[in-house]
Amino acid sequence: MTDGIKPNVWKVGIVAETRTETASGRSILLDVPGWGGNIAGQHADVRLTAADGYTATRSYSVASAGPGDRVQLAVDRLPTGEVSPYLVDDLIVGDQLEIRGPLGGWFVWKPEIDGAEQTGPVQLIGGGSGIVPLVAMIRSHTASGSTAPFRLLYSVRTPDDAFFRTELTEPSRGLDVTWAYTRRAPDGWPRPAGRVTTADLEADAFPASLSPAVFVCGPTGFVETVANALVELGHDPSRIKTERFGGQ
Amino acid sequence: MVGHVDGNVLAGPLSELFQFDVTTASARCVSCGDVATLACAMVYVEPASLIVRCRNCDDVLMVIVQEPDLTCIELRGMAWLQVPR
Amino acid sequence: MGIISRGFSGRSREHNPDLPPGQYLTEDFPVLSAGPTPNIDTADWEFSIRTEFGAVHSWSWDRLHELPIDDIDTDIHCVTRWSKFGTSWRGVSLDTLFADVDTSDEYVMAHSYGGYTTNVPLADLLDGKAWIAFEFDGEQLDPEHGGPARLLIPHLYFWKSAKWIRGLVMMDDDEPGFWEQNGYHTYGDPWLEQRYS
Ligand SMILES: Cc1cc2nc3c(=O)[nH]c(=O)nc-3n(C[C@H](O)[C@H](O)[C@H](O)COP(=O)(O)OP(=O)(O)OC[C@H]3O[C@@H](n4cnc5c(N)ncnc54)[C@H](O)[C@@H]3O)c2cc1C
Ligand SMILES: [Zn+2]
């Protein structure tokens, strides 16, 4: 990040484009003058203000990575939610909202640190919209031509619930993607529909013996289950970074 | 919001008080002595407050109350906070 | 004020004479969680009142249920802006529990399992204004809503209705509890919008 970038200042984002991702989610591309780029995995705070001055603030991971003032968010609608239905259903191109960031220096992956290329294996595990910061890491990996082996285990309810589906169905070189469907799998899919288990992690994730850096993101319950299973499989807890989105 | 999130979520609210990214700082819990990066703490989010708890013993490390015109932060649950330079 | 988001109104804040200022009406019962939910077995549960003279009056779960039980029908108002009308509870009035308590202190600190505290003037607990409640909507009170039993003081913001209540300690001065130390109002009248101090 260059000098003069102020992550702590509220900036104005203008909606440049929206893309339907799933039946309940979409991505939102914002032009945010002064954003100045972000590291893969960071998030932003979004603040909405009603006409009477009432405000609501929520955090959203950033799907884009690298330099520039164009920011991509992807939001899943919680039907009873206050903010997500507005972002998914109401926001249109040209609308403005307030955004603060990029934020957080912990749940991030960088292709190099202090000039040294990061070559260690990276295991990404996402549930639902928890794919958002992981996609930023995948994009950063591709853009930098990194040779670090990447694996993604992506858990979604049904094939129609996958965010960034096209991008992940034809993954770039150096990335392996495993899909885990929890409610309905495509016809003939080898793995029956069901929640991610210790056996799935054992079969599809980099083993603990390779000491991969592990990033787990999604609803709180999902992250909790996966993180516990990883520790059970011998992964060093300090190599597992988590981003819980809330919910049960 | 039901269920806690990770200390990462504090990056925005704490940027109003600190110049650096406090979520990468480590803190020691007064109750159990556990030392952890703040990003690893458990955060319970309520509309006007963030309750930060120790990942090891559940005790309160920090409380941030956000009122319309001020932010109040209570740090009694931490023995110290260490920032990488 | 920041820029206004076109078409965003947030949760509707309607005008209704029964709704304190700044509140919205909800049908469900939002759970606020400031921490993990303690699980307390009613066999181990105990409620006590401790006075300035060191006297401790205590009730086991069974003894509490031998006392007269009130049906309470009331509106509740949470500082996080939701209100819920016509909630129904069952519990024991604090008038009953204080009947044999000798005290001249005017303030009370409520203590909960799990370590929370909140302060209340004694006058706000007496004269049919407060209960130890253990049933909500005809069912045993859920742990996430404060079960086995919580304090119920409907005329104050709901954080004063301490979940997982364990005991009351008399105080001669009004000292702040957990939330009050962190900027919440010492009294918390929803009609005066006493949210923060
Ligand atoms: C660091 C961080 C990054 C995040 N990134 C993203 C992201 O990239 N995309 C995204 O869609 N969301 C993300 N979230 C979640 C987001 O911040 C909001 O919590 C979510 O959009 C719901 O807000 P709401 O106002 O619609 O719901 P609220 O009005 O806050 O809540 C409505 C109801 O939904 C429940 N609830 C709240 N959150 C969840 C949840 N995550 N899952 C299930 N139930 C829930 C609540 O208990 C409540 O009953 C992130 C959260 C964090 C902390
Ligand atoms: Zn601790």
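Chain letters run A, B, ... following the sequence lines, proteins first, then strands; residues in each count from 1.
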| field | More than 12 heavy atoms from other groups under 6.0 Å of CZ on C:Arg50 | value | no

| Nearest non-hydrogen partners of C:Ile3 and A:Val12, listed with the distance | CD1-CG1, 3.9 Å

| query | Does A:Leu97 offer a backbone N or O that forms a donor-acceptor pair with the side chain of C:Ser5 under 3.5 Å? | reply | no

| Hey, what's the ring geometry for C:Phe8 with A:Tyr54, parallel, tilted or perpendicular (30° and 60° as the breaks)? | parallel

| query | Which value, rounded to the nearest 0.5 Å, describes the distance between A:Thr55 atom OG1 and C:Ile4 atom CD1? | reply | 11.5 Å

| task | Applying ring-ring contact (aromatic ring centres under 6.0 Å, His included), name anything that partners C:Phe136, two or more places apart in sequence or on another chain. | result | C:Phe29, C:Trp89

| request: Return yes when atom CG of C:Asp73 has more than 12 non-hydrogen atoms of other residues, nucleotides or ligands closer than 6.0 Å, and no otherwise. | output: yes

| request: Would you please name every residue forming a side chain to side chain donor-acceptor pair (under 3.5 Å) with C:Asp41, sequence neighbours left out? | output: none

| query | Okay, side chain of C:Arg6, backbone of A:Leu91: is any donor-acceptor separation there less than 3.5 Å? | reply | no

